[in-house]
Amino acid sequence: MPDAAYRFGEIEKKWRDYWARERLYEADDGDPRPKYYCLDMFPYPSGSGLHVGHWRSYVLPDAWSRYMLLKGYNVLHPMGWDAFGLPAENDAIKTGTHPEVNTRRNIANFKRQLVDMSPMYDWTREIDTTDPAYYRWTQWIFLQMFKKGLAYRQLMPINWCPSCKTGLANEEVVGGTCERCGATVTARDLKQWMLRITAYAERLLAGLDDLDWPEKVKTMQRNWIGRSEGARVRFTALDARGGEHPLEIFTTRADTLFGATYMVLAPEHPLVPVLTTPDRRTDVEAYAAAARAGAEHERTEATQKTGRFTGAFAVNPVNGEKIPIWVADYVLMGYGTGAIMAVPAHDVRDYDFATVFGLEIREVIAPAEGRTEIPWVGNGTMTASGAFTGMRSTDGRRAVARWLEERGVGRAEVQYRLRDWIFSRQRYWGEPIPIIHCPRCGEVPVPEAELPVRLPAVERYEPTGTGSSPLAAIEDWVRVPCPECGGSARRETDTMPQWAGSSWYFLRYTSPRSDDALLGPAGRAWLPVDMYVGGVEHAILHLLYARFFSLFLHDIGVIDFEEPFTRLFNQGMITRMASTGRVEKMSKSKGNTVNPDALVASHGCDSLRLYELFVGPPEMDAVWNDDGIDGVHRFLKRAWKWVLDSNGRWAEAPSPVVASQRHLLVKKVTERLEAFRLNTVVSAMMEFINAVHSIEERPDRETVETFIILISPFAPHFAEELWERTGHAPSVFRQGWPDWDDAHTVSETVTIPVQINGRMRGRLTVDAGTSEESVMEAVRRDPAICRHLDGKEPRKVVYVQDKILNLVVN
RNA sequence: GCUGGUGUGGCGGAACUGGCAUACGCGCCGGUCUCAAAAACCGGUUCUCGCAAGGGAUUGUGGGUUCGAUUCCCACCACCAGCACCA
């Protein structure tokens with residue numbers, strides 16, 4: 001007599017061992033079934049381990065992968081470690097433990113916790129970005145970019161985090177603070193490695209159109225790339241001695257060129273020292289120096305416009321007018337040409353500036369009918385604009401650009417907000433940049449055969465703070481012969497940012513042990529990724545970089561597609577009600593985490609998996625409820641009992657009610673799963689158990705089998721155990737996903753709500769397909785409904801067969 | 001300011017294509033079992049008037065379309081997220 005109790009602890013261990021032994025999750029390169037690649041964003045293996053919020057992001061793709069497996073796909077569902085990064089390094093500084101030791105320990109702990117979830121990861125394909133066999137290829141990609149001129153070194157004013165003592169990418173600066181540590185970012189001039197992502201701006205933008213991604217993420221990327229169409233216009237600036245200097249600006253509003261009443265240079269603009277007149281030099285230089293010292297965000301947060309007049313003037317090419325040249329920090333060197341023409345009548349920022357300094361405001365666009373605001377930034381009709389007067393501003397923009405081009409003083413141009421990617425980090429725990437600096441040959445790539453350039457052992461992990469990484473102190477590592485001339489040369493000591501390894505890891509899972517190529521021969525068939533699941537916090541950074549790497553690898557023939565992630569799904573976060581009554585993100589730093597280990601012990605892995613799905617719509621944030629898991633646990637116990645109570649004593653055939661419940665369940669679960677409405681999948685199964693429970697008849701074998709297969713992606717151990725106990729050989733995951741027949745999902749009688757003047761007044765149970773006349777007949781025989789008619793005849797009868805009857809009376 | 005999202009019971013949420021609002025779960029109330037408690041199981045639970053039968057109200061607010069609106073349209077409010085002097 002088998003044990004009737006639901007002993008989840010024993011069951012879960014039994015099947016986890018079985019699946020591992022049977023290698024159920026290993027994806028076979030040669031499998032003839034159609035492939036399906038379902039990818040989770042791989043984690044940074046932090047020391048603090050997993051909380052129930054992390055679980056959520058892994059349970060959904062796992063349930064989806066198991067569903068695809070049951071649908072007959074050859075599923076690849078891998079996992080790995082994004083293990084370079086500052087926490088391990090900071091820990092090394094504090095404790096002296098080598099980051100590698102630390103990282104390995106954290107990975108082991110993280111993996112143990114992940115295994116507790118019973119995801120169907122193919123662990124034979126596990127990768128680790130800090131493994132030299134892996135980062136060899138990260139370095140290889142860098143070298144290919146270097147050879148194509150896409151990686152270059154430049155002295156740049158960069159974002160510098162004084163706490164992390166390293167430069168940051170623009171993408172890593174959030175509201176003027178360091179994304180990692182929250183310190184205020186300052187500006188600093190350093191020679192930096194850059195990746196020319198801007199060369200791909202147009203393709204990164206265009207590629208978004210066809211992706212099955214959340215619109216929100218696509219919009220964020222579009223905004224980040226920030227394409228604007230406009231014109232480059234050459235003014236002529238005059239210095240104090242009458243010398244002429246071309247001064248180029250970018251504008252999206254060439255139609256307002258006649259309204260330019262002054263010009264503004266960014267404080268860093270090279271013409272500032274050239275143009276400033278001697279009497280103003282001290283003042284202007286002080287202003288420019290102060291502006292440059294402040295970080296960019298300080299400039300953008302200032303409410304009051306500031307600036308200085310250089311004393312110089314420029315000539316407007318359309319009318320020969322001389323207008324004053326100012327310096328102001330509201331113009332940024334990093335966008336366009338670092339100089340603008342100012343049209344205060346039609347630009348809010350120029351208007352604010354002109355108001356502060358009393359500069360001329362000249363209207364050249366007549367606003368739309370009836371509007372009188374100044375500044376008017378919309379379209380309108382051009383006025384006081386020479387030959388262009390009377391044109392609509394949209395046409396005028398093109399006309400002016402053409403006019404400028406004909407005279408060689410301008411042309412139409414597209415600008416992007418996107419800037420090149422600052423790729424240098426002055427830290428230890430990252431991929432060494434594989435370049436050698438030779439005094440004779442310059443920047444020489446490390447020969448590919450010598451990759452990887454391994455991280456050397458160091459004694460001190462502290463960043464120097466001087467702008468060099470700790471690697472600079474290892475003389476015998478730094479000093480190498482030049483690969484080209486053999487003379488003495490020095491290694492590059494900067495390392496790559498954490499984003500480097502994650503920009504291409506999804507490729508490597510497909511052929512993780514390939515030694516002679518980034519992508520092995522079996523790899524291509526798995527790609528691209530069919531479903532990518534992860535948090536929306538990577539909407540810009542990681543996803544843009546990964547797309548950039550993919551475009552590049554496509555162009556050099558490594559892969560044969562341009563977009564790596566066909567479909568993207570963003571999970572919501574798990575939040576928790578704080579004592580203040582506010583909802584906060586669940587995180588270690590907030591101290592509000594819920595530990596899954598305890599819940600696995602008390603309720604079981606399957607209950608927790610189910611609750612992670614049931615907690616709310618997957619794309620939205622969800623508030624964790626400590627008692628919520630009790631509900632799904634009770635459901636599992638009821639379902640368990642329902643199956644085993646009739647085990648071996650099945651009904652010959654299902655009653656019509658049970659049959660219809662079964663087909664309805666398959667339909668609901670399948671449709672809701674396809675729509676990613678996982679919370680409602682769980683409730684559909686609960687409703688089913690409630691329904692068959694109240695029917696109080698023994699189920700037939702097929703109904704029970706169907707239920708077990710349907711629940712298996714969500715509660716795999718539970719399903720596998722019941723599958724075995726009901727007399728099947730494992731595994732339930734080798735079964736096919738059941739079908740439903742619509743003929744069974746509709747019942748023979750229907751209950752029709754009866755409304756009178758739109759208000760619910762009763763219900764009628766009739767045969768499906770009953771005619772209007774018969775229904776009206778039934779209404780007349782029903783006194784409870786008739787009394788609401790007040791003895792009157794309906795003025796209008798609306799009858800939707802099998803749906804509703806609405807009677808309109810006056 | 002711009003862009004995107006969200007507003008439904010005490011709480012998380014459900015509602016296919018315009019057709020019974022509040023499924024499912026939590027919590028709460030009552031019951032069974034127990035010396036007792038927990039667990040488990042059974043029943044109830046939008047608000048409101050009413051002893052009841054029954055009535056009325058209700059999907060952020062105000063309008064509109066419709067026999068009928070959580071769903072479509074217009075205007076507004078609140079909250080959340082991202083971006084923000086990008087010329």
Side-chain angles (χ1 to χ4, degrees), chain A residues 174-175 214-220 222-224 226-228 230 249-253 256 264 266 296-297 299-303 305 328-332 334-343 346-350 352-353 415-419 536-537 539-540 573 575 577 583 610-611 614-617 619-632 634-635 637-638 641 667-668 671-672 675 677 679-690 751-763 784 787 794-800 802-809:
Chain A
V174 179
E215 272 313 311
K216 177 185 179 175
V217 174
K218 294 210 255 185
T219 304
M220 284 167 77
R222 285 191 188 107
N223 292 344
W224 189 262
R227 183 183 200 272
S228 8
I249 60 106
F250 174 75
T251 178
T252 55
R253 293 297 302 270
T256 63
V264 187
E296 207 165 85
H297 80 277
R299 292 164 56 169
T300 61
E301 273 172 9
T303 45
K305 292 269 187 293
D329 64 5
Y330 81 93
V331 174
L332 309 172
Y335 183 79
T337 63
I340 62 158
M341 66 167 188
V343 186
H346 305 294
D347 183 284
V348 183
R349 298 149 303 183
D350 297 343
D352 291 345
F353 190 84
Q415 279 283 339
Y416 299 90
R417 206 190 79 117
L418 184 71
R419 299 184 206 176
V536 74
E537 66 272 20
I540 298 173
M573 286 183 310
T575 60
M577 190 66 78
V583 170
L610 224 42
Y611 183 60
F614 187 62
V615 69
E619 71 283 5
M620 300 223 288
D621 291 351
V623 184
W624 189 262
N625 175 353
D626 289 332
D627 297 318
I629 193 172
D630 290 333
V632 290
R634 279 196 272 268
F635 155 71
K637 282 196 287 191
R638 293 179 76 186
K641 193 164 160 9
K667 178 182 161 80
K668 280 186 189 169
E671 287 178 349
R672 295 174 183 192
R677 297 190 345 254
N679 53 327
T680 65
V681 168
V682 178
S683 61
M685 290 190 292
M686 288 172 164
E687 285 175 84
F688 171 80
I689 289 298
N690 290 348
T751 302
I752 294 179
V754 180
Q755 299 184 336
I756 291 168
N757 289 337
R759 307 181 80 90
M760 258 287 295
R761 295 302 185 187
R763 293 184 173 85
R787 65 189 188 87
R795 179 168 58 83
K796 181 167 181 179
V797 176
V798 181
Y799 177 59
V800 182
D802 300 344
K803 284 278 187 194
I804 201 165
L805 177 70
N806 191 7
L807 306 177
V808 189
V809 241

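A quick note: this is a predicted structure, and the numbers were derived from the prediction, not measured. The chains referred to below are lettered A, B, ... by the order of the sequence lines, with proteins before strands, and numbering in each begins at 1.
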Are any protein N/O atoms closer than 3.5 Å to N/O atoms in nucleotides 15-21 of chain B? If there are, list each pair with its distance.
{"from": "B:A15", "atom 1": "OP1", "to": "A:Arg677", "atom 2": "NE", "distance (Å)": "3.4"}
{"from": "B:A15", "atom 1": "OP1", "to": "A:Arg677", "atom 2": "NH2", "distance (Å)": "2.9"}
{"from": "B:C20", "atom 1": "O2", "to": "A:Arg763", "atom 2": "NE", "distance (Å)": "2.7"}
{"from": "B:C20", "atom 1": "O2", "to": "A:Arg763", "atom 2": "NH2", "distance (Å)": "2.4"}

In whole Å, what separates the [atom1] atom of [N] from that of [M]?
N: B:A23; M: B:U34; atom1: C1'; answer: 35 Å
N: B:G25; M: B:G13; atom1: C1'; answer: 9 Å
N: B:G62; M: B:U70; atom1: P; answer: 13 Å
N: B:C77; M: B:G60; atom1: C1'; answer: 7 Å
N: B:C42; M: B:C47; atom1: P; answer: 23 Å
N: B:G9; M: B:U3; atom1: C1'; answer: 33 Å
N: B:A39; M: B:C33; atom1: C1'; answer: 11 Å
N: B:C20; M: B:G68; atom1: C1'; answer: 12 Å

As a test of reading the structure: which of [options] is closest to the side chain of [X], going by heavy atoms?
X: A:Asp630; options: B:C67, B:G27, B:C42; value: B:G27
X: A:Asn679; options: B:G27, B:G55, B:G13; value: B:G13
X: A:Arg417; options: B:U3, B:A87, B:A84; value: B:A84
X: A:Arg761; options: B:A87, B:G55, B:C67; value: B:G55
X: A:Arg634; options: B:U3, B:G13, B:C41; value: B:C41
X: A:Leu332; options: B:A87, B:C24, B:C67; value: B:A87

A:Asp350 and A:Tyr330 side chains, donor-acceptor separation under 3.5 Å: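 Indeed, the side chains of A:Tyr330 and A:Asp350 share at least one donor-acceptor pair under 3.5 Å.
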Between A:Asn679 and A:Arg672, a side-chain donor and acceptor under 3.5 Å: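 A:Asn679 vs A:Arg672: no donor-acceptor pair found between side chains.
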Calculate the interatomic distance between [X] atom [atom1] and [N] atom [atom2]; express it in whole Å.
X: A:Glu537; N: B:G4; atom1: CD; atom2: C1'; answer: 17 Å
X: A:Met620; N: B:G4; atom1: CE; atom2: C1'; answer: 14 Å
X: A:Lys216; N: B:C2; atom1: NZ; atom2: P; answer: 19 Å

Taking all heavy atoms of [X] and all of [Y], pick out the closest pair and write down the distance.
X: A:Arg419; Y: A:Gly334; value: NE-O, 3.8 Å
X: A:Val331; Y: A:Ala266; value: O-CB, 3.3 Å
X: A:Ser228; Y: A:Tyr335; value: OG-OH, 3.0 Å

Residues which pass side chain to side chain contact (heavy atoms under 4.5 Å, CB included) with A:Asp621, listed by chain and number, not counting sequence neighbours: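 A:Asp621: side chain to side chain contact (heavy atoms under 4.5 Å, CB included) contacts with A:Met573, A:Thr575.
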Euclidean distance, A:Ile752 CD1 relative to A:Lys803 NZ, rounded to 0.5 Å: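 It is 11.0 Å, given to the nearest 0.5 Å.
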Could you please name the partner base of [N], counting Watson-Crick and G-U wobble pairs only when both distances are under 3.5 Å?
N: B:C76; result: B:G60
N: B:G82; result: B:C2
N: B:C24; result: B:G12

Please produce a list of atom pairs where a protein N or O lies less than 3.5 Å from an N or O of nucleotides 9-12 of chain B.
{"from": "B:G12", "atom 1": "O2'", "to": "A:Val615", "atom 2": "O", "distance (Å)": "2.8"}

B:G9, syn or anti by chi within 90 degrees of zero: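 You should classify B:G9 as syn.
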Residue whose nearest RNA chain B nucleotide is more 5′ - A:Ser228 or A:Met220: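 In this pair, the answer is A:Met220.
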A:Lys637 or A:Ile340, whichever maps to the more 5' nucleotide of RNA chain B: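 Its nearest nucleotide being more 5', the pick is A:Lys637.
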A:Ala342 backbone acceptor or donor facing A:Asp347 side chain under 3.5 Å: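 Looks like no, no N/O pair under 3.5 Å.
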Sugar-phosphate only, base, or nothing, as touched by A:Asp350 at under 4.0 Å among non-hydrogen atoms: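 The residue A:Asp350 makes no contact with any strand.
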Sugar-phosphate only, base, or nothing, as touched by A:Pro617 at under 4.0 Å among non-hydrogen atoms: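 Sugar-phosphate only.
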Worked verdict on A:Arg638 versus A:Asn690 for side chain to side chain donor-acceptor pair (under 3.5 Å): CA-CA 9 Å; A:Arg638 293 179 76 186; A:Asn690 290 348; 2.8 Å; yes
